[in-house]
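Just the heavy atoms: all of them, side chains too, but no hydrogens, waters or symmetry mates, feed the values below. Quick note on labels: first sequence line is chain A, next is B, and so on, each numbered from 1.
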Amino acid sequence: MNADVHALAGAYALDALPPDEATEFQEHLAECATCQEEVAELQITATHLGVAVSEQPPARVREAVLQAARQTRQLPPVTPIQPHAAPSRRRRVWLAAAAAVVVVVGAGAAGLTAVLDNEPTNDPIANVVAAPDATSTVTPMRGGGQLTVVSSEQLGQAVVLSEDLPPSAADRVYQLWLVDPDGQARSADVLIDAPGAADLVRGVEPGDQVAITREPAGGSEQPTMTPLAVSKAV
Amino acid sequence: MANGAHRRLRSVPGTAQPTADELLQATARGDENALAELYDLLAPAVFGLAKRVVRDPSRAEEITQDVFLSVWRFATRFDPAKGSARTWVLTLTHRRAVDVVRADAAASRREQRVGATQDRPYDTVLEEASNRLQGEQVRECLDTLTELQRESVLLAYYGGYTYPEVSALLDVKLPTVKTRMRDGLIRLRDCLGAWR
């Protein structure tokens with residue numbers, strides 16, 4: 001991309017980009033190895049500034065952290081993948097891999113490759129995440145939560161993660177849509193009832209966007225509300 | 001120190017202390033003691049940075065808790081080949097602190113323009129930054145930056161300001177601020193590298 005985008009590496013490493021520019025830069029970062037390296041180095045540099053203002057926190061914070069950890073389950077690891085593991089197990093592993101994209105992007109680390117470096121497998125979600133042309137977009141949702149779309153134009157597929165969705169009423173469900181460049185929405189045939197899950201969307205055409213709405217239980221033919229978020233796909 | 005036969009890492013008297021990277025890897029295996037040791041190692045930096053950015057000590061405590069709980073949950077995702085544990089944790093800390101500051105600022109911005117509503121005057125940010133920095137190397141290296149580079153970097157990092165806000169505060173054009181942040185950090189990186 002152009003030099004102007006590269007110039008944002010410093011501001012990005014300092015968390016000084018406004019949200020829209022941060023998203024744009026993250027998209028660029030996913031495709032730019034040089035930028036990943038530079039951002040990683042500048043984040044190390046920024047870390048020195050953080051360490052330089054160290055201050056001992058009150059002892060109660062330590063207790064609270066350890067107490068909370070005892071009551072909190074850790075995310076499952078992404079690797080190694082057991083070659084003969086049952087499909088359900090593999091799926092869970094790769095959900096974690098896809099979820100990791102969110103973490104990595106969210107943390108601003110130049111570590112998207114941490115996920116993308118993994119071997120392709122016969123798991124569809126894994127394949128999208130590991131596709132050489134996979135790109136990741138994080139979009140905040142109106143009313144809370146965020147939508148992360150990892151998509152591969154080559155595969156014509158996307159993995160969609162919804163994080164921190166406000167719980168929907170019992171008779172409502174979140175539904176995913178593909179929106180073509182003319183604004184025509186078609187159902188992605190994905191209903192989300194478990195927040196935080198990763199869902200595979202097939203049949204993604206170039207120029208499509210991914211949108212999410214809240215719909216009556218069972219889903220709708222066409223969206224019945226303005227999308228809570230619209231994300232670039234391939 | 002850590003050997004493959006043992007799933008747990010403990011600091012044994014007379015042996016080298018485990019590094020943050022090693023502790024984070026042990027944490028990923030569910031070792032609560034490793035998390036406690038990692039906390040002892042990094043919490044001062046996490047709390048200090050959070051407090052510098054948000055100012056309010058009790059919110060800084062919340063951020064510290066939040067960050068270490070995330071470290072616990074996501075430790076399985078840490079790959080030492082991609083960066084150090086310390087950078088990972090402090091990057092997360094800064095992001096959280098900045099989120100808190102910006103959520104607060106959003107409300108007051110509705111009434112008044114940025115610059116008129118600063119409860120954290122920027123000269124205070126800069127003054128405190130230079131007075132209270134503990135690392136001699138960091139202090140010396142910051143002195144190698146131009147004034148504009150230093151102000152841009154410090155207002156963004158310790159002040160939690162976006163680059164358009166920094167541009168408004170310093171009355172400098174947007175592209176200039178972007179560039180100064182980047183070349184300031186690069187100069188700081190090169191200077192700190194020379195110390196290693």
Side-chain angles (χ1 to χ4, degrees), chain A residues 4 6-19 21-22 38 40-58 60-62 64-66 68-70 72-79 96-97 99-100 103-104 106-111 113-115 117, chain B residues 28 30 32 35-36 39-40 43-45 47-49 51-52 60-61 64-65 68-69 72-77 79 82-84 86-88 90-95 98 132-135 137-139 153 156-158 160-164 166 175 178-179 181-186 188-189 192:
Chain A
D4 198 42
H6 288 293
L8 292 176
Y12 180 77
L14 293 167
D15 295 323
L17 292 179
E21 285 182 77
E38 179 171 315
E41 285 184 3
L42 297 185
Q43 282 175 332
I44 294 171
T45 306
T47 298
H48 286 279
L49 293 173
V51 173
V53 292
S54 289
E55 186 177 332
Q56 199 64 45
R60 61 176 171 267
V61 182
R62 188 180 195 273
V65 165
L66 299 179
R70 278 193 288 272
T72 306
R73 185 175 153 71
Q74 294 177 291
L75 290 192
V78 170
T79 56
V103 175
V104 164
T113 49
V115 174
D117 281 350
Chain B
E32 292 169 17
L35 178 69
Y39 179 92
D40 293 339
F47 178 70
L49 174 58
K51 191 177 157 199
R52 169 55 50 94
E61 287 182 29
T64 306
Q65 273 183 47
F68 279 98
L69 193 58
W72 169 252
R73 291 188 61 213
F74 297 124
T76 48
R77 288 303 313 144
D79 178 355
K82 310 286 180 188
S84 80
R86 194 177 66 168
T87 301
W88 192 61
L90 283 199
T91 302
L92 186 58
T93 303
H94 193 257
R95 186 64 54 90
V98 158
R132 296 192 42 208
L133 285 183
Q134 291 164 15
Q137 293 101 315
V138 173
R139 223 176 16 243
V153 167
Y157 196 71
Y158 293 137
Y161 295 114
T162 62
Y163 83 86
V166 173
K178 270 191 286 201
T179 313
M181 283 180 181
R182 179 167 178 240
D183 55 30
L185 271 183
I186 288 173
L188 193 57
R189 174 196 73 189
L192 287 167

Task: Segment of Arg60(A) engaging chain B (4.5 angstrom heavy-atom cut-off) - done: side chain

Task: Chi angles and distances behind the side-chain contact (heavy atoms from CB on, under 4.5 Å) call for Thr162(B), Glu21(A) - done: CA-CA 11 Å; Thr162(B) 62; Glu21(A) 285 182 77; over 6 Å; no

Task: Closest-packed option against chain A by number of heavy-atom pairs under 4.5 Å, given Thr93(B), Leu69(B), Thr179(B), Val98(B) - done: Leu69(B)

- [ ] Against chain A, label Val153(B) side chain, backbone, both or neither, depending on which of its atoms sit under 4.5 Å from a heavy atom there.
- [x] both

Open item on the list: Can you tell me which of Pro58(A), Ala22(A), Ala64(A) forms the most heavy-atom pairs within a distance under 4.5 Å of chain B?
Closed with: Pro58(A)

- [ ] Determine, for Glu38(A) against Arg182(B), whether the closest basic-nitrogen to carboxylate-oxygen distance falls under 4.0 angstrom.
- [x] yes

Task: Atom group of Ala28(B) that falls short of 4.5 Å from chain A, counting heavy atoms - done: backbone

Task: Euclidean distance, Leu185(B) CG relative to Leu14(A) CG, rounded to 0.5 Å - done: 4.5 Å

- [ ] Identify which of Ile186(B), Asp183(B), Leu90(B) forms the greatest number of heavy-atom pairs closer than 4.5 Å to chain A.
- [x] Leu90(B)

Open item on the list: Let me confirm one number: the CZ-CG distance from Arg77(B) to Leu75(A), rounded to the nearest 0.5 Å.
Closed with: 9.0 Å

Open item on the list: If you define the side chain from C-beta out and look only at heavy atoms, does anything of Ile44(A) sit under 4.5 Å from Arg189(B)?
Closed with: no

Task: Closest-packed option against chain A by number of heavy-atom pairs under 4.5 Å, given Tyr163(B), Trp72(B), Tyr157(B) - done: Trp72(B)

TODO: For residues Met181(B) and Val166(B), determine if any side-chain heavy atom of one lies less than 4.5 Å from a side-chain heavy atom of the other.
DONE: yes

Open item on the list: Run Val61(A) and Tyr39(B) through side-chain contact (heavy atoms from CB on, under 4.5 Å) and show every step you take.
Closed with: CA-CA 10 Å; Val61(A) 182; Tyr39(B) 179 92; 3.4 Å; yes

Open item on the list: Which atoms of Asp40(B) are under 4.5 Å from chain A, going by heavy atoms: the side chain, the backbone, both sets, or neither?
Closed with: side chain

Task: Closest-packed option against chain B by number of heavy-atom pairs under 4.5 Å, given Arg70(A), Gln56(A), Arg62(A) - done: Arg62(A)

TODO: For chain A, find which of Pro175(B), Gly83(B), Ala156(B) contributes the most heavy-atom pairs closer than 4.5 angstrom.
DONE: Ala156(B)

